[in-house]
Amino acid sequence: MTTKKSYGSKDIVSCVNCGSCKALCPTYIENSTELMSARGRVALLNRFSRGEITATSKLCESLFSCILCGACGKSCPLGINIADAVYKGRRSLRSFDKKRLLVNYLINLAFKNPALSFKLLKILKIVSDIPHADRLPPFRHLKKLGISAPNSVFRGGNSVFRAQKPRGRIAIFTGCVVNFIYPSYGEALLNVLNTMGYDVILPPGEVCCGAPMLESGMEDDAVRMAEINIQTFKNLNVEAVIGLCPTCIHFIRTAYPKLTGDCIDNALDITEFFDGKIAISTEADKRFTEQTINPSLKAVYHDPCHSKYSLNISSQPRNILKAAGLNLIEPAETGCCGFGGTFRLFFEELSDGILENRLESYKNADVIITSCPNCILQLKSKIKKRKVIHIIDIISKVMSNEHV
């Protein structure tokens, strides 16, 4: 068992202010001020921890504008985990900003009462379609992101789905966005796993991974979510716990040990599980794939931040897409899409600017593929004439001989 420790980086005092962390910082790239840079945030956190400065609106803006992508930690020559330090700072500031107190209350309400939240989402979508309702922030974001409640959620009735000739057992960590907004992704993964011969378990005890709570400074609530999920998934007799959202899997693998001293040690991102399991091995397979994938389409893979920087995933999705027969191109620049959970709500202009940078680098692609449902929400808010696809849909279409 991992030893539990206080969540937050203690090594920011070793920062030498070299500025390497600024190179990939999406908020600094978009808004070139020191307060919007990773180095600026570390400097403020150091001063705040020593009592040299107190809680102010500027300190809150700097820390809560961090998108928590993790890029800064990868580029730091000393390996300082700046995201952890930001989490700790937000925990200290959670009660300072009255506006955030209301948002935190709503976050807790939404993620602890999923059935109620689903009903509320349907009502909000109806209201957002009323003329001029989008002048109010909640309805504007719903409309801009194209969020609407499906007819039903993914998790619900049966919890075990058996294959005809089982070769093993897999559990799915659904995640909130897949469960309540994109249940078709869960259905696609379930069908693919059953087709491959895996019995699939959807344990009814799953709750939110806890990332929205920790991001908002609510560490105690994140701990409770983590403990419930660990109890739900850890003792299942399964080969792997597969997630469709890299933020969920990053949180399970890297945050749970820090929050609770325990973990779900067989949690895998979908691309890690399917890498090497899709291959064109015979001429018949090759002809089948050529009929399924349009070879003239130029596809680009968008790397989710938590996938790239926290889970160290890069080659796996590209291996899958190339094996599936896609004409994969690499953009000149890659980076964050600008979603970042509540970042999208509080820093809308900054979020849109980061997104525009990303779309410019993807302008030569006919289709954009990713493995993150949050990135899909963000990308689809601006992309209307091109396809934005979750990688599970590519895997599913290849296996069912449907056209991409």
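The residues of the chain are indexed from 1 along the displayed sequence.
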Distance (rounded to the nearest 0.5 Å) between [X] [atom1] and [Y] [atom2]:
X	Y	atom1	atom2	answer
Leu78	Cys18	CG	SG	7.0 Å
Asp275	Ile313	CG	CD1	9.5 Å
Cys15	Asn46	SG	CG	7.0 Å
Ile201	Arg162	CD1	CZ	8.0 Å
Met225	Met213	CE	CE	3.5 Å

Inset, instruction - Using the side chain to side chain donor-acceptor pair (under 3.5 Å) rule, pick out the option among Arg358, His302, Lys308 that qualifies with Thr334. - result: Lys308
Inset, instruction - Might you work through the side chain to side chain contact (heavy atoms under 4.5 Å, CB included) test for Ser381 and Leu355, ending with a clear yes or no? - result: CA-CA 9 Å; Ser381 71; Leu355 176 58; 3.6 Å; yes
If you measure only the distance, is there a donor-acceptor pair under 3.5 Å linking the side chains of [X] and [Y]?
X	Y	answer
Lys74	Asn312	yes
Asn229	Tyr256	yes
Asp262	Thr260	no
Thr33	Tyr28	no
His250	Thr254	yes
Gln378	Ser351	yes

Inset, instruction - Please lay out, stage by stage, how Lys298 and Asp366 fare under the test salt bridge (Lys or Arg N to Asp or Glu O under 4.0 Å). - result: CA-CA 5 Å; Lys298 291 182 290 186; Asp366 300 307; 5.4 Å; no
Going by an N to O cut-off under 4.0 Å, is there a salt bridge joining [X] and [Y]?
X	Y	result
Arg253	Asp269	no
Arg91	Asp220	no
Lys382	Glu356	yes
Lys258	Asp84	yes
Glu227	Arg224	no

Legend entry - Close aromatic pair by centroid cut-off 6.0 Å: Phe233 and Phe173: yes
Inset, instruction - Could you give me the CA-CA distance, side-chain angles and deciding distance for Lys165 and Asp199, then say whether salt bridge (Lys or Arg N to Asp or Glu O under 4.0 Å) is met? - result: CA-CA 9 Å; Lys165 297 180 180 179; Asp199 287 340; over 6 Å; no
How about [atom1] on [X], more than 12 heavy atoms from neighbouring residues, nucleotides or ligands closer than 6.0 Å, or not?
X	atom1	value
Glu187	CD	yes
Glu330	CD	yes
Gln231	CD	no

Are any side-chain N or O atoms of [X] and backbone N or O atoms of [Y], one a donor and one an acceptor, separated by less than 3.5 Å?
X	Y	value
Arg90	Leu214	no
Asn194	Phe161	yes
Arg39	Lys22	no
Thr342	Leu345	no

Inset, instruction - May I ask you to decide if the ring planes of Phe273 and Tyr198 are parallel, tilted or perpendicular, using 30° and 60° as cut-offs? - result: perpendicular
Legend entry - Aromatic ring pairing Phe251/Tyr87, orientation class (parallel under 30°, perpendicular over 60°, tilted between): perpendicular
Could you report the tightest heavy-atom contact between [X] and [Y], atom names first, then the distance?
X	Y	answer
Glu360	Lys363	OE2-NZ, 2.9 Å
Ile391	Ser371	CG2-CB, 4.0 Å
Ile252	Pro257	O-CD, 3.8 Å

Inset, instruction - Any chance you could lay out the side chain to side chain contact (heavy atoms under 4.5 Å, CB included) test for Ile376 and Ile389, step after step, and finish with the verdict? - result: CA-CA 7 Å; Ile376 289 174; Ile389 302 175; over 6 Å; no
Legend entry - Verdict with supporting geometry, Ile369 and Val300, side chain to side chain contact (heavy atoms under 4.5 Å, CB included): CA-CA 6 Å; Ile369 303 162; Val300 66; over 6 Å; no
For residues [X] and [Y], determine if any side-chain heavy atom of one lies less than 4.5 Å from a side-chain heavy atom of the other.
X	Y	answer
Val178	Leu189	no
Leu268	Val241	no
Phe347	Glu61	yes
Leu350	Phe343	yes

Inset, instruction - Let me know which of Leu44, Thr54, Leu35 forms a side chain to side chain contact (heavy atoms under 4.5 Å, CB included) with Leu59. - result: Leu44
Inset, instruction - Give the intermediate values and the outcome of side-chain hydrogen bond (donor to acceptor under 3.5 Å, both in side chains) for residues Glu239 and Asn266. - result: CA-CA 7 Å; Glu239 178 180 324; Asn266 60 345; over 6 Å; no
Inset, instruction - Dump the intermediate steps for side-chain hydrogen bond (donor to acceptor under 3.5 Å, both in side chains) on Arg41 and Ser65, then the final yes or no. - result: CA-CA 10 Å; Arg41 293 181 180 110; Ser65 66; 2.9 Å; yes
Inset, instruction - Take Asp352 and Arg344 through the salt bridge (Lys or Arg N to Asp or Glu O under 4.0 Å) test and state the conclusion after the steps. - result: CA-CA 8 Å; Asp352 282 338; Arg344 168 82 233 181; 2.9 Å; yes
